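Presented below is the structure to which this report refers.
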Amino acid sequence: QVDESKEVESIVPSYACQRRTTLENHNTVFTDALSLLAESAELSDEDGRGVAFRRAAAVLKALHSPVTDLLQLRGLPCLGGHSLRVIKDVLENGASSEVECTKQSERFKALKVLTGIFGVGSKTAERWIREGIHSLPQLQDSAHTLNRAQQAGLEHYDDLNQPVTKAEGDAIGEIVAKAVMSVLPGVQITLIGGFRRGKLTGHDVDFLITHPEEGREVGLMPKVVSWLESKGFLLYQKTTRNSYLESKDGPARPSSNMDRFERCFSIFKLPEDAKQGTTQTETLTEDTPEDTCRLTTPSLVKDEGSESTKRANLKPWRAVRVDLVVSPISQFAFALLGWTGSKLFERELRRWAGHEKAMSLSSHALYDNTQSKYLRASSEEEIFAHLGLEYIPPSERNA
Ligand code: ATP
Ligand code: MN
Ligand code: MN
């Protein structure tokens, strides 16, 4: 007799970084439910519970067929009692009462709306909710002074809450490529984040910038930002030097060459014609529903100055969140792996490294605590090999 539970377990190993998770999800009813509870926990600063739900959802994402019976879950890792109750509820009733309850709760709705503003995290939202602010009009009527990021976030609220398409991502990529090339020829630019994993839409577009000669990338970001600003492509930007040295991320903190890691959170002003420029080969119908939707969605937020909402809705551009990261070539593979995601996949890689290999992994380096030395790598494949993991390509990191 075959031990069935053992068999299932060997098909689904417990760390997400040991599994291949494509975008083809056969269990969306369950994973949507669990993801919503994860989101709710994260918005309430209950990160532990959030991760537990994310891990449970990720296990179901890795299955090759839909779950139709609880018995099929025997032996699967990461499914705690709470997650199993949710799955059971969905199986028996078509929906989870806890999920439905959460979705309808005023608190959750307010947290979603307020953290939907770029620059507003759960802590700020929480504080506002305690003061009775549950909506954008209430926020605008309140006496709160918003920081620069939040002001931009509020101003471009509708655009920024509209998913970014791959075509828009590509159009942004062309602009960023032009910027970096005119600032420093020879620069390499790589699409990272969700689009590198093959997602068709995202909440932003992420790029990693490097130069094949170590050191040439120093000081690059301010120049790129100036170029973009001079051409009118930026609605907002905040460039931060690497905060890695100050972080509490553990011992993977090499000394001097680390403080060059720079990133830029930005909001791009993407001209509609730039977008069309790169989508010419695609059918027009793909763009239409999105545009129609944007035109008919009433703007909750007053747009800048007077000429009012009418013009704002017909504006020939849209706001898009863009993240730029500059890495020295010596850290490129680590940055690439660390910024490709998914967030859970990254978290699991670090947990694997720490718990199973006594190593510390970051977006900068891999440190072997046993040998007391850094392990070099010039490709993602080498990092997986150092970690004793089978290589998982980006399209299969969608945990
Ligand atoms: P989406 O398509 O919705 O944008 P995404 O997977 O691209 O999804 P992002 O939030 O853009 O999600 O993050 C991309 C990757 O960058 C993730 O793997 C995340 O771990 C990493 N990342 C994001 N913020 C930071 C940060 N402050 N420091 C280090 N890594 C980060
Ligand atoms: Mn992203
Ligand atoms: Mn991002």
Side-chain angles (χ1 to χ4, degrees), residues 16-17 21-23 25 35 38-39 42 47 50-51 54 57-58 61 112 115-116 118-119 121-122 149 153 159-170 172-173 176 189-209 221 236-250 252-253 258-268 319-327 331-353 360-366 380 383 392-399:
C17 55
T21 314
T22 64
L23 289 168
N25 178 352
S35 300
E39 189 184 11
E42 286 156 4
D47 287 344
V51 174
R54 298 252 175 238
K61 283 182 198 172
K112 283 279 281 186
T115 58
F118 169 67
S122 59
D159 274 4
L160 298 184
N161 281 285
Q162 179 107 16
V164 184
T165 64
K166 181 65 167 58
E168 288 166 334
D170 290 340
I172 302 261
V176 176
I189 165 169
T190 310
L191 185 64
I192 47 175
F195 286 122
R196 182 161 184 253
R197 303 197 307 275
K199 280 179 63 182
L200 298 176
T201 61
H203 94 284
D204 68 357
V205 198
D206 310 281
F207 296 99
L208 179 59
I209 299 163
M221 193 72 93
Y236 168 89
Q237 67 85 18
K238 184 173 165 55
T239 303
T240 46
R241 291 180 69 85
N242 158 40
S243 57
Y244 178 63
L245 288 172
E246 299 134 44
S247 79
K248 297 166 283 172
D249 264 358
R253 47 176 78 177
M258 284 303 148
D259 53 12
R260 299 200 207 125
F261 220 78
E262 290 178 308
R263 73 177 286 196
C264 175
F265 302 95
S266 73
I267 301 176
F268 262 57
V320 180
R321 272 273 298 114
V322 177
D323 282 338
L324 304 176
V325 187
V326 172
S327 139
Q331 297 172 21
F332 179 77
F334 296 99
L336 185 61
L337 180 59
W339 283 84
T340 295
S342 67
K343 288 208 176 78
L344 183 74
F345 192 91
E346 303 293 342
R347 180 185 268 275
E348 294 280 276
L349 269 178
R350 293 193 298 269
R351 190 166 69 98
W352 168 271
S360 304
L361 174 69
S362 75
S363 299
H364 300 270
L366 178 63
E380 290 180 315
I383 304 173
I392 310 279
S395 61
E396 295 176 324
R397 296 180 203 159
N398 285 292

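Note that the structure is a prediction, hence the values are computed from the model and not measured. One-based numbering, in listed order, for ligands and for the atoms of each.
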Among protein heavy atoms, which sits nearest to atom 13 (O) of ligand 1, and what does the distance come to when rounded to 0.1 Å?
K343 NZ, 4.2 Å
What protein heavy atom is closest to atom 18 (O) of ligand 1, reported as residue, atom name and distance in Å?
G341 CA, 2.9 Å
Of the listed options (G338, S363, G194, G202), which comes nearest to atom 5 (P) of ligand 1 when hydrogens are ignored and any heavy atom counts?
G194
Considering all heavy atoms, the nearest T201-P163 contact
CB-CB, 3.9 Å
Sub-3.5 Å donor-acceptor pair from the side chain of R397 to the main-chain atoms of T21, do we have one?
no
Could you pull out the atom name of the N/O/S atom in D206 that is nearest the Mn ion (ligand 2)?
OD2
Give me the one residue out of E42, E348, E39, E346 that meets salt bridge (charged side-chain N to carboxylate O under 4.0 Å, His left out) with R54.
E42
D206 side chain to W339 backbone, donor-acceptor under 3.5 Å
no
Protein contact of atom 20 (O) of ligand 1 - nearest heavy atom, named by residue and atom, plus distance
E346 CG, 3.8 Å
Can you tell me if S266 uses its side chain to pair, donor with acceptor, with the backbone of V322 under 3.5 Å?
yes
Heavy atom to atom 24 (N) of ligand 1, shortest distance: which of R263, R397, K199, H203 holds it?
R263
Give a yes or no on this: more than 12 heavy atoms of other residues, nucleotides or ligands lie within 6.0 Å of atom CZ of R347.
no
Can you tell me the protein heavy atom closest to atom 6 (O) of ligand 1 and the distance?
R197 NH1, 2.9 Å
Atom name in D204, limited to N/O/S, at shortest distance from the Mn ion (ligand 3)
OD2
Under 4.0 Å from a heavy atom of D204: give me the atoms of ligand 1 that qualify, with their elements.
4 (O), 11 (O)
So if I count the atoms of ligand 1 from 1 in the order they appear, which ones are less than 4.0 Å from some heavy atom of D206?
7 (O), 11 (O)
Can V205 and V176 be said to form a side chain to side chain contact (heavy atoms under 4.5 Å, CB included), step by step?
CA-CA 11 Å; V205 198; V176 176; over 6 Å; no
Closest D323 atom to the Mn ion (ligand 3) [N, O or S only]
OD2
Heavy atoms only: which of F195, F265, W339 lies closest to atom 21 (C) of ligand 1?
W339
Under 6.0 Å between ring centres, would you say that holds for Y236 and F118?
yes
